[in-house]
Amino acid sequence: CALPICSYPPDQLAKLKLVRRLMDLGLRPGRLLSMDNAGLVALLAERCPAPTGDSGQTRAALALLREHRGDELQALFRQDIVRDGLSRFVTEIAVPLTAQVGEAWMRGEIEVHEEHVFTEQLTGALRAAMPATAPGARPRVLLTTVPGEPHNLGLLMAEAALRLEGAACVSLGVQTPLTEVAAAAIAHDVQVVALSFSLNFPVAAAGTALTALRGMLPPGLALWCGGGGAARLRKGP
C-alpha cells in the first residue's frame, strides 16, 4: 500500500526551521515550541545580531555569494591574499567573514547551498596559499573535528596561521572518532591536538567530547579547541 504523504503549511515549516536554529544555539525546545514565529525571529535576532562595521572586502564577498558568483568569490579571496598576505587575510577577512556567513544562515538570510559554496571557495583559496612545512618543524599539531562536526573552515584557518609560524600540521579532516584522534596523536608524535567546534555544534556535546579526549591523551600533550562553539563553553576539561 502507498504511504501517506505528509505536508506542512509554510508557516509551520518556517517555525520548525527557527526552532532548529535556536536549538543549535543551546536553547531548550520546550520553551521554543510554545512561542509564535514573531517571537522566535526576535529571539534569533537577539542571539545572532546582524553584524555591524563590515569592511568593504567582506561586503564585496557577501554580495558575490548572494549573487551566486562563486568563481569570482574565490578570485576575490586570492586577490586579497596576494595584496594583504595570508596572515592578515585569515585574521582580518576570513575569520570575521566566516562568522558573518554562519550568522546569516542562522537568521535565514542565506541558504545551505550558499554556505557550502562559500566554504568551497574559501577552502580553495586557503589551500592554494598555504606554505609548505619545513622538515623537522616544531611543534607538531594534529587538527581535526569530533564526530558530528562536519565544518572544516576553522581547522583550515588555524592550519594556515600555524604554518605561517613555522609549526608542522597533521590534518585528519573532519569527524574523526575520539579513539582514532588519540591514536593518531601518539603515532604522529604531536605536541598539540587542536579541535574546531562551529557555532551550531551542541555545547554540551563539545564539553563531553573534550573531557573524554583529554582522558585518552598523555598528560603532557596539549589539547586546544576553538571556533564559535568553543567560545560557548563555560569551562574546559
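Below, all heavy atoms of this structure are taken into account, side chains as well, without hydrogens, waters or symmetry copies.
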Mind jotting down which residue pairs meet the salt bridge (Lys or Arg N to Asp or Glu O under 4.0 Å) criterion with at least one end in residues 133-152? Sequence neighbours excluded, please.
Arg138-Asp189
Excluding sequence neighbours, so at least two apart, what forms side chain to side chain contact (heavy atoms under 4.5 Å, CB included) with Val192?
Val141, Ala222, Trp224
Under a single-linkage definition using a 4.5 Å side-chain heavy-atom cutoff for Ile, Leu, Val, Met, Phe, Trp and Tyr, are Leu172 and Leu162 assigned to the same hydrophobic cluster?
no
Go through the steps for Leu156 and Met130 under the test side-chain contact (heavy atoms from CB on, under 4.5 Å), then give the verdict.
CA-CA 9 Å; Leu156 197 59; Met130 200 93 68; 3.6 Å; yes
Among residues two or more places apart or on two chains, list those pairs meeting salt bridge (Lys or Arg N to Asp or Glu O under 4.0 Å) that have a residue in residues 62-77.
Arg66-Glu109, Glu67-Arg69, Arg69-Glu72
Which heavy-atom pair separates Ala137 from Ala168 by the least distance, and what is that distance?
O-CB, 3.6 Å
Heavy-atom pair with the smallest gap, counting every atom of Leu142 and Ala184
CD2-CB, 4.1 Å
CG (Asp84) and CD1 (Ile93) are apart, to the nearest 0.5 Å, by 5.0 Å
What's the separation between atom CZ in Arg127 and atom CG in Leu122, rounded to the nearest 0.5 Å?
10.5 Å
Listed by chain and number, what are the side chain to side chain contact (heavy atoms under 4.5 Å, CB included) partners of Val101, not counting sequence neighbours?
Leu62, Leu65, Leu97, Ile110, Glu115, Phe118
Suppose we screen for side chain to side chain donor-acceptor pair (under 3.5 Å). Which residues come up paired with Glu165, at least two apart in sequence or across chains?
none
Can you list the residues that meet the side chain to side chain donor-acceptor pair (under 3.5 Å) rule with Asn152, with sequence neighbours excluded?
none
Looking at CD1 of Ile81 and CG of Leu76, how far apart are the two atoms once the value is rounded to the nearest 0.5 Å?
10.0 Å
May I ask whether Phe197 and Leu213 are part of the same hydrophobic cluster, defined by side-chain heavy atoms of I, L, V, M, F, W, Y residues being less than 4.5 angstrom apart, directly or through others?
yes
Minimal non-hydrogen separation, Ala194 against Leu155, with atom names
O-CD2, 4.0 Å
In terms of hydrophobic clusters joined by side-chain contacts under 4.5 Å, are Leu178 and Val174 together?
no
Side-chain heavy-atom pair Gln79, Val82 within 4.5 angstrom cut-off
no
Would you say Arg232's side chain and Phe201's backbone share a donor-acceptor pair under 3.5 angstrom?
yes
Any pair counted as salt bridge (Lys or Arg N to Asp or Glu O under 4.0 Å), so long as it reaches residues 174-186, sequence neighbours left out:
none
Any side-chain heavy atom of Leu43 sitting closer than 4.5 Å to one from Met35?
yes
Reported OG1-to-CG distance for the pair Thr98 and Leu153, which is rounded to 0.5 angstrom:
5.0 Å
Return each pair, listed once, that meets salt bridge (Lys or Arg N to Asp or Glu O under 4.0 Å) where at least one residue sits in residues 193-219; pairs must be two or more places apart or across chains.
none
Interatomic distance, OG@Ser87 vs CD@Glu92, rounded to 0.5 Å, equals 8.5 Å
Quick check for you: to the nearest 0.5 Å, what is the distance between Leu126 atom CG and Arg78 atom CZ?
10.0 Å
So the ring pair (Phe, Tyr, Trp, His ring centres under 6.0 Å) pairs with at least one residue in residues 66-87 (sequence neighbours excluded) are His68-His113, Phe77-Phe89
Establish whether Leu210 and Leu217 are linked, either directly or via other cluster members, by ILVMFWY side-chain heavy-atom contacts under 4.5 Å.
yes
Heavy-atom pair with the smallest gap, counting every atom of Pro218 and Ile186:
CG-CG1, 4.5 Å
Let me check something: do Leu143 and Val146 share a hydrophobic cluster, defined by ILVMFWY side-chain heavy atoms less than 4.5 Å apart, either directly or through other members?
no
With sequence neighbours left out, the residues meeting side chain to side chain contact (heavy atoms under 4.5 Å, CB included) with Val95 are Val90, Met157
My understanding is that only residues two or more places apart in sequence, or in another chain, count here; which of them pass side chain to side chain donor-acceptor pair (under 3.5 Å) with His116?
none
When every non-hydrogen atom of Leu86 is compared with those of Ala160, the smallest separation belongs to CD2-CB, 4.1 Å
Between Cys225 and Leu233, which heavy-atom pair has the shortest distance, and what is it?
SG-CD1, 4.2 Å
Not counting sequence neighbours, which residues clear side chain to side chain donor-acceptor pair (under 3.5 Å) with Thr144? List them please.
Thr176
